[in-house]
Trainee: 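I'd like to ask some things about the structure below.
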Amino acid sequence: LPPFFGLISALLLARLARRLSPMPADAVDRALPFLSGALWVTYSTVVLFDTLLTACVLLALGGVVEAWRGRPRRGWLAYAAGVGLGLLAKGPVVLVHVLPVALLAPWWATDSPPAGWRRWYLGSMAAVVLGAGLGLAWALAAAAREGPAYRTAILWEQTAGRMGHAFAHQRPWWWYVPLLPVILFPWTLWPPLWRSLARVVRAPVEVSTRFALAWVVPGWIILSLISGKQVHYLMPLLPGFAILAAVAYPRIDPTAHRWDTAATAGCLILAGLLLLFSPGIHRILTLPGWATAISFQWGLVFLLGGLLLGLAKGGREQVVALSLVSPALLILAHLAGRGVAARAYDLRPVAHFLEAAETAGRPIAYVGRYSGQFHFLGRLERPFDQITPPQVARWTADHPSGLVVRDQRSPAAAAGAILSRPYRDGVIGIWEASGTRIDR
């Protein structure tokens, strides 16, 4: 689903770029390459909500443009659908991305909507209410059915609880700033783009520029002020950056110097050297044990990629080459680490074993904090008892036919386990209650 909604987002971005004025006919060709940064490419393949949320945001913002262009009924219905589906996808955070653009319309629009600004704001508020009704139709019913703890989780902790004092992922307000070079890599290392963006932003006279700024700047500020932060929370802002880059593209020097790609090429060459000398690097840096098992020969591929990128010349040729960097890196990471990383993180054998144990009616306890990974992979239906090491003896005495699951730092600590598998830098094991011996 995430790659599918990544494709949907790209199509919605293309449609939005066409509808904004005065974006030229090739606006799509200019915008989509700049959606290829490291954050977008990586998290479009990860099972998270944010790619789905981005599609909902683009649907809503496309509705804003439709309403401004004289089709208010169609536009506000699309806006309401985007808000409602975004609420179902990830809660009220969808409003962080779509509400500022609607409220700041008098600033970014070149002229008033046909019905006037009063009806504009009435229509936008009605669309928000309609979208909220769509989301609450499920949330309230689910909360009433599942009880107080579930109601508190979905209506408070996962929404308002993150705003001021988050229960998870607490970060300082500036946390996103140092991550920006990685989020937009390789575009952060391409000087012609930033020179052109500076000229565009310094005097934002075009609708598309102001529209994108009304989208990206308030969203960045609000997400920075919210205490709970994760890097993928910024994904719905990336299409706005792509539109800004598309506006700046014609101002990029078509005879860009070959040295403009030197920083990105240097990063690829450095990665190749690290792989080539990975055994020695492992003794200096703290890396997962499985990382040293990656074949050093992949370093040659990174070196070759860096050298080829350094040969690109001219603005358009460099845009094409740079837009391929993050996708190529992701593919190489999967190919290079496919075997060793899979062995270190494959929990399916353990999950299937626990599925059979659940079917047989055996009670199961997990020592430490459990995140649901075996229930997802094994399609388990009953919750585990979560216990601490001092509670193991009491639990096994009360459940003589039970099983105890725990991940250990050392393979030697899995002695006596009826099933053990490598996991991260250690091992995960399953012990029968009648013979359990787990080191604290």
Side-chain angles (χ1 to χ4, degrees), residues 1-2 4-6 8-9 11-13 15-16 43 46-67 72-105 120-169 214-215 218-219 222-223 225-230 232-240:
L1 285 179
F4 171 75
F5 280 106
I8 295 297
S9 296
L11 295 175
L12 289 172
L13 172 61
R15 188 175 187 278
L16 180 62
Y43 279 93
V46 178
V47 184
L48 290 170
F49 307 105
D50 301 273
T51 311
L52 170 59
L53 177 64
T54 302
C56 299
V57 168
L58 285 162
L59 174 62
L61 295 183
V64 170
V65 175
E66 290 293 328
R73 181 177 299 179
R74 176 179 175 180
W76 294 130
L77 283 176
Y79 188 79
V83 169
L85 294 173
L87 286 170
L88 291 172
K90 205 173 180 180
V93 71
V94 65
L95 297 176
V96 171
H97 301 286
V98 303
L99 198 54
V101 178
L103 295 178
L104 295 174
W120 171 272
Y121 285 111
L122 289 175
S124 63
M125 292 302 104
V128 169
V129 171
L130 180 59
L134 176 61
L136 289 174
W138 171 83
L140 294 178
R145 172 176 173 173
E146 298 300 329
Y150 187 79
R151 179 169 60 247
T152 301
I154 66 169
L155 297 181
W156 179 257
E157 288 183 355
Q158 291 289 342
T159 55
R162 293 184 181 270
M163 298 291 289
H165 187 72
F167 64 90
H169 315 311
W215 176 0
I222 296 171
L223 290 175
L225 295 177
I226 294 173
S227 61
K229 298 179 180 66
Q230 288 282 69
H232 49 270
Y233 293 174
L234 298 178
M235 281 194 68
L237 300 180
L238 297 181

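For clarity, every value in this text was computed on a predicted model and none was experimentally measured.
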Trainee: For Leu223, check side chain to side chain contact (heavy atoms under 4.5 Å, CB included) against everything at least two apart and list the hits.
Mentor: Val93, Val96, His97, Tyr176, Ile226, Leu234, Leu237
Trainee: Would you indicate whether Tyr121, at its atom OH, is surrounded by more than 12 heavy atoms from other residues, nucleotides or ligands within a distance under 6.0 Å?
Mentor: yes
Trainee: Considering non-hydrogen atoms only, spot the tightest contact between Gly84 and Leu134 and give its length.
Mentor: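 Looks like CA-CD2, 3.7 Å.
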Trainee: Among Leu85, Leu87, Leu99, find the residue that satisfies the side-chain contact (heavy atoms from CB on, under 4.5 Å) test when tested with Val94.
Mentor: Leu87
Trainee: Please find the pair of heavy atoms, one from Ala102 and one from Ser124, that lie closest to each other, and give the distance.
Mentor: CB-CB, 4.3 Å
Trainee: I need the minimum non-hydrogen distance between Ile8 and Ala55, along with the two atoms involved.
Mentor: CG2-CB, 4.2 Å
Trainee: Apply ring pair (Phe, Tyr, Trp, His ring centres under 6.0 Å) to Phe5 and list each qualifying residue two or more places apart in sequence or on a separate chain.
Mentor: none
Trainee: At their closest point, which heavy atom of Ala127 faces which heavy atom of Ala80, and how far apart are they?
Mentor: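 Minimum heavy-atom contact is O-CB, 3.4 Å.
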Trainee: Once rounded to the nearest 0.5 Å, what's the spacing between atom CG of Leu58 and atom CG of Leu53?
Mentor: 9.5 Å
Trainee: May I have all residue pairs that pass ring-ring contact (aromatic ring centres under 6.0 Å, His included) and include part of residues 125-146, sequence neighbours excluded?
Mentor: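 Not a single pair qualifies under ring-ring contact (aromatic ring centres under 6.0 Å, His included).
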Trainee: Nearest 0.5 Å, what's the CG-OG distance between Leu59 and Ser9?
Mentor: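 Taking CG in Leu59 and OG in Ser9, the distance rounds to 10.0 Å.
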Trainee: Hey, does Leu52 have a side-chain heavy atom less than 4.5 Å from the side chain of Leu1?
Mentor: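 They are not in side-chain contact.
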Trainee: Restricting to pairs with a member in residues 91-104, which pass salt bridge (Lys or Arg N to Asp or Glu O under 4.0 Å), not counting sequence neighbours?
Mentor: none
Trainee: On a heavy-atom basis, which atom in Val101 and which in Val64 lie closest, and how many Å separate them?
Mentor: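 Nearest pair, atom of Val101 first, then Val64: CG1-CG1, 4.3 Å.
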Trainee: Partners of Trp76 by ring pair (Phe, Tyr, Trp, His ring centres under 6.0 Å), sequence neighbours excluded?
Mentor: Tyr79, Trp120
Trainee: For Pro236 versus Pro239, what's the shortest heavy-atom pair and its separation?
Mentor: O-CD, 3.6 Å
Trainee: Do Leu77 and Leu130 pass the side-chain contact (heavy atoms from CB on, under 4.5 Å) test, and can you show the C-alpha distance, the side-chain angles, and the key distance before you say yes or no?
Mentor: CA-CA 9 Å; Leu77 283 176; Leu130 180 59; 4.1 Å; yes
Trainee: Listing request: all side chain to side chain donor-acceptor pair (under 3.5 Å) pairs with a residue in residues 49-66, at least two apart in sequence or in separate chains.
Mentor: Arg15-Glu66, Arg19-Glu66, Asp50-Lys90, Glu66-Arg71
